[in-house]
Amino acid sequence: MGMSISDYLVFRLQKLGVKEFFGLPGDYNFNILKSIENNPKTRWIGCTNELNAGYAADGYARIKGIGALVTTYGVGELSAINAIAGSMSEFVPVVKIVGVPNTKFIKNNTLIHHNLNTPDYQAFIKAYSNVVETTAFLTKENAKEEIDRVLNVLIKEKKPVYIALPMDVCNVLIDEKYSEIEQKSNKDNLKEAAKVILELIEKSKNPAILADVMIKRFGAKEEFYKLLKNSNYPVTTLLMGKDLICDDESLNYSGTYVGKFGNPKAYESINNSDCPIFIGTVISDINTMGFDLKFNPDDWINIQGNYCVVKNTIYKDVLMKDILDELSNKIPKKNHNKTGFDYFYENVEKKEKLTGDYFYEKLQDFIQEGDNLVVETGIVNLALAKLKIKKNVSVNNQVLWGSIGWATGATLGVSMANKNARTILITGEGSHQLSATEISTMMRNNLKPVIFVINNNGYTIERILCDNPMDEYNEIAKWNYSKLPQVFGKNVFSANINISDELDKVFKIIKEEQKSKMCYIELNLDMFDLPELAQKSIAGNKLEKYSL
């Protein structure tokens, strides 16, 4: 008999691991929502706005591997485009599905609601074409082929895709049979790349590894660990790949790379190497702390998700998993002394007034194996660099796109993707104001994240970036944050903290309360209480007259 097109789309995504679909309803997407509700293995998660829903789908995909976002035509999809752009920037596979008007209206260019006053039914797909890997506008004739094509791109490239589905096309029946998506390396390119890499390593005296987030995105962590153990090479990670290596004494790990602003062991291991091996690295300004990397391109090995670059030659269609596996079996082991891992929070002075460093040291102890950590952009993200990570902790941040407010929305998706793990959100109050309403969606769905809101009285990251930190545009409305979740529901423990002793007590309470309810903690810090990395890399001496 076949399956309806909207049922088929939901079915295919469910088979790829999507159990929850985020978004908002609208009259053009009702048929899609019915397909989600009618599938016994999928569930609709309605959010408070489309931007937050996009952030949630992004967070979900970082844990599950794929996320899905459904909005209505025009007004809904444009509200979500920033979130999808962030997914594109950071290689997060999200399927953006939009319900669009009936085909007859499109063909006749009819002016109906959610349209520009001179209707252009291609305007919004054109907008999305700039922030997704591929787009599809489904028809009765092409739907099956286009759905399969788009999902194939999603899996291969690990980037978001866009599907427009007209109301009348949803219910058309199609064949539900499909072929599994297979990814394979080009054998000749794989063999040649491995040969050249091994020759380069053999000639070197001190190879070193710089690892980053694309190892996670392309599912190559197992092969990566095997390479580390078989080689014993010094290894450090960039900020986006913070959770790749925990405090594991069996590995030659020196902590997070932060350029010249700290952790000299990591800095020296990479910049003194005659054969730097970059694996899954995103070489952006903040991630590398100002592009502070010194290497000769002739000696450089750059291994990415589906290609690698060696001695200025690109080897296409070489999957990261395959090349790491190939290298692991043949790589020469070096008897390097352990560089040591000493870049983390320890022995922080306890003052009566709560400080950021004291909180982060306590947080470091509080984090348990298997936790999911969501970290907002800005000051909080820079504090993350020194955080010691335990085994199987997932760290989720948005270093490259850096959209403030992302973390609160993403926490919904992360919590939903792994309900058996504890999710911890750390956000600044300025960012939190953009997406705080999604707390209500978390509570409505009985999710129990631990949320820390750092209240330092305005946009502190902007204060230290601009000429005059006290400019009016860095001020924001003063909320009573610790009372905010009580507006959305009753099942919450909240606290407002000003002094260190209060924090110690609250951490003890959270360990018990978080098992049964959301925990929401407001931390009041001085305006210019900055983590070391922010002080050294951005602020410098400009805040001396403002420091409290």
Task: Between Y459 and Y473, ring centroids under 6.0 Å - done: no

Task: Check: Y253 ring centroid to Y233 ring centroid under 6.0 Å - done: no

Task: Any side-chain heavy-atom pair of I538 and L382 under 4.5 Å - done: yes

Task: Close side-chain approach of V453 and Y520, heavy atoms under 4.5 Å - done: yes

Task: I84 to V132 - nearest heavy-atom pair and separation - done: CG2-CG1, 3.6 Å

TODO: State which residues pass salt bridge (charged side-chain N to carboxylate O under 4.0 Å, His left out) with K536; sequence neighbours excluded, sorted by chain then number.
DONE: E532

Is [X] salt-bridged to [Y], cutoff N-O under 4.0 Å?
{"X": "K159", "Y": "E90", "result": "no"}
{"X": "R422", "Y": "E369", "result": "no"}
{"X": "D501", "Y": "K350", "result": "yes"}
{"X": "R463", "Y": "D471", "result": "no"}

Open item on the list: Run K321 and E223 through salt bridge (Lys or Arg N to Asp or Glu O under 4.0 Å) and show every step you take.
Closed with: CA-CA 6 Å; K321 290 167 65 79; E223 292 79 6; 3.4 Å; yes

Task: Residue pair F507, F452: steps toward the ring pair (Phe, Tyr, Trp, His ring centres under 6.0 Å) verdict - done: CA-CA 11 Å; F507 266 124; F452 294 100; 5.6 Å; yes

Open item on the list: Using the rule side-chain hydrogen bond (donor to acceptor under 3.5 Å, both in side chains), only one of E376, Q433, H432 pairs with T408; which is it?
Closed with: H432

- [ ] Applying ring pair (Phe, Tyr, Trp, His ring centres under 6.0 Å), name anything that partners F224, two or more places apart in sequence or on another chain.
- [x] none

